[in-house]
Amino acid sequence: MGGNHRDERRGPVVRAGSLIYGADAEITDWVAQRIPGYVTSPGAKAIGVVKQGRFVAAVTYERYNGANIEAAIAAEPGARWADRAVLRGLFSYPFEQLGVEAVTLLVALDNLASLNLATKLGFAQ
């Protein structure tokens, strides 16, 4: 982390508060290591959440079609990462920058912690 490094798929890596933008390959790999069976699509965008110098959560965005985008969220168990500022930053990308009407969140049915978070964030099954 730290500094402005370049990701092989994107421009400069930028840190805004606890959010990291532009390190798509590193972040999507981090997410894929934490979600069994998850494989990101080529060109997926990602935002990481950093606390004390390490990723504690991240969101990947892929399969954007103009009206909808798919997202996947991974987090370290027990990490307290989902404050209002972080959530605002994570969801400003699809809604404000891309102008989507909906985000489809991918969650395994047996992942009760993630289903609970998705419900609290306003997602419906």
Side-chain angles (χ1 to χ4, degrees):
M1 237 84 10
N4 279 343
H5 303 286
R6 292 186 74 80
D7 180 280
E8 65 256 23
R9 294 188 302 200
R10 301 286 182 251
V13 174
V14 177
R15 181 163 183 174
S18 59
L19 298 178
I20 298 288
Y21 302 89
D24 299 313
E26 181 182 359
I27 297 168
T28 56
D29 289 347
W30 188 91
V31 169
Q33 291 171 13
R34 283 153 182 82
I35 300 176
Y38 179 71
V39 178
T40 57
S41 299
K45 299 283 265 173
I47 302 172
V49 182
V50 175
K51 301 280 180 165
Q52 298 179 338
R54 63 182 186 87
F55 288 120
V56 293
V59 178
T60 62
Y61 297 98
E62 51 197 325
R63 292 185 266 293
Y64 170 61
N65 68 12
N68 184 69
I69 196 165
E70 291 181 10
I73 300 173
E76 290 295 327
R80 299 184 57 81
W81 61 272
D83 61 50
R84 289 181 192 263
V86 166
L87 294 172
R88 188 176 306 112
L90 293 175
F91 289 104
S92 70
Y93 170 69
F95 289 109
E96 294 177 19
Q97 291 184 26
L98 297 180
V100 301
E101 297 173 24
V103 173
T104 299
L105 187 63
L106 307 173
V107 180
L109 291 175
D110 63 349
N111 188 337
L112 299 181
S114 292
L115 288 170
N116 183 43
L117 174 63
T119 301
K120 288 179 180 179
L121 293 175
F123 288 93
Q125 193 169 357

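Keep in mind that this is a model prediction, so the values were computed, not measured. Here, residue 1 is the first one in the sequence, and each next residue gets the next number.
Without hydrogens or angle criteria, Asp24 side chain to Ala46 main chain gives a donor-acceptor distance under 3.5 Å.
A search for side-chain contact (heavy atoms from CB on, under 4.5 Å) contacts involving Phe123 returns Phe91, Val103, Leu105, Ala118, Leu121, not counting sequence neighbours. Remark: Tyr64 pairs with no residue by the side-chain hydrogen bond (donor to acceptor under 3.5 Å, both in side chains) rule, at least two apart or across chains. Applying the side-chain contact (heavy atoms from CB on, under 4.5 Å) criterion to Ala32, with sequence neighbours excluded, gives Tyr38. Residues passing the side-chain hydrogen bond (donor to acceptor under 3.5 Å, both in side chains) test with Ser114 are Asn111, sequence neighbours excluded. Shown here are the ring pair (Phe, Tyr, Trp, His ring centres under 6.0 Å) partners of Tyr93, two or more places apart in sequence or in another chain: Tyr61. Not a single side-chain hydrogen bond (donor to acceptor under 3.5 Å, both in side chains) links Thr119 to another residue, sequence neighbours left out. Here Asn116 pairs with nothing under the side-chain hydrogen bond (donor to acceptor under 3.5 Å, both in side chains) rule; sequence neighbours left out.
Applying the salt bridge (Lys or Arg N to Asp or Glu O under 4.0 Å) rule to pairs touching residues 75-96 yields Arg34-Glu76, Lys51-Asp83, sequence neighbours excluded. Among pairs with a residue in residues 100-112, none fulfils salt bridge (Lys or Arg N to Asp or Glu O under 4.0 Å), at least two apart in sequence or across chains. Pairs of residues two or more places apart, or lying in two chains, that qualify as salt bridge (Lys or Arg N to Asp or Glu O under 4.0 Å) and include a residue from residues 63-75 are Arg63-Glu70.
The shortest heavy-atom contact between Gly89 and Ser92 is O-OG, 3.1 Å. The two atoms that bring Gly48 and Ala58 nearest to each other are CA-CB, 4.0 Å, heavy atoms only. When every heavy atom of Ala102 is checked against every heavy atom of Asn68, the shortest pair comes out as O-OD1, 3.0 Å. For the pair Thr28 and Ala25, the tightest heavy-atom approach, listed with the atom from each and the gap, is OG1-O, 3.2 Å. Of all the heavy atoms in Ser41 and Glu62, the pair that sits closest is N-OE1, 2.6 Å. Residues Val100 and Ala67 come closest through the heavy atom pair CB-O, 3.5 Å.
Note that CG of Leu90 and CZ of Phe95 are 12.0 Å apart. Values are rounded to the nearest 0.5 Å. Here the OG1-CG distance, from Thr60 to Asp29, works out to 11.0 Å after rounding to the nearest 0.5 Å.
Side chains of Leu19 and Val49 form a contact here, defined as non-hydrogen atoms less than 4.5 Å apart. Residues Val59 and Ile73 have side chains in contact (heavy-atom distance under 4.5 Å, counting atoms from C-beta outward).
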Candidate pair Ile20 and Ile27, rule side chain to side chain contact (heavy atoms under 4.5 Å, CB included), full reasoning: CA-CA 9 Å; Ile20 298 288; Ile27 297 168; 4.2 Å; yes
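Note on Leu112: it clusters hydrophobically with Leu117, by side-chain heavy-atom contacts below 4.5 Å among ILVMFWY residues. Cluster membership check: Trp30 does not share its hydrophobic cluster with Leu106, using side-chain heavy-atom separations under 4.5 Å among Ile, Leu, Val, Met, Phe, Trp and Tyr.
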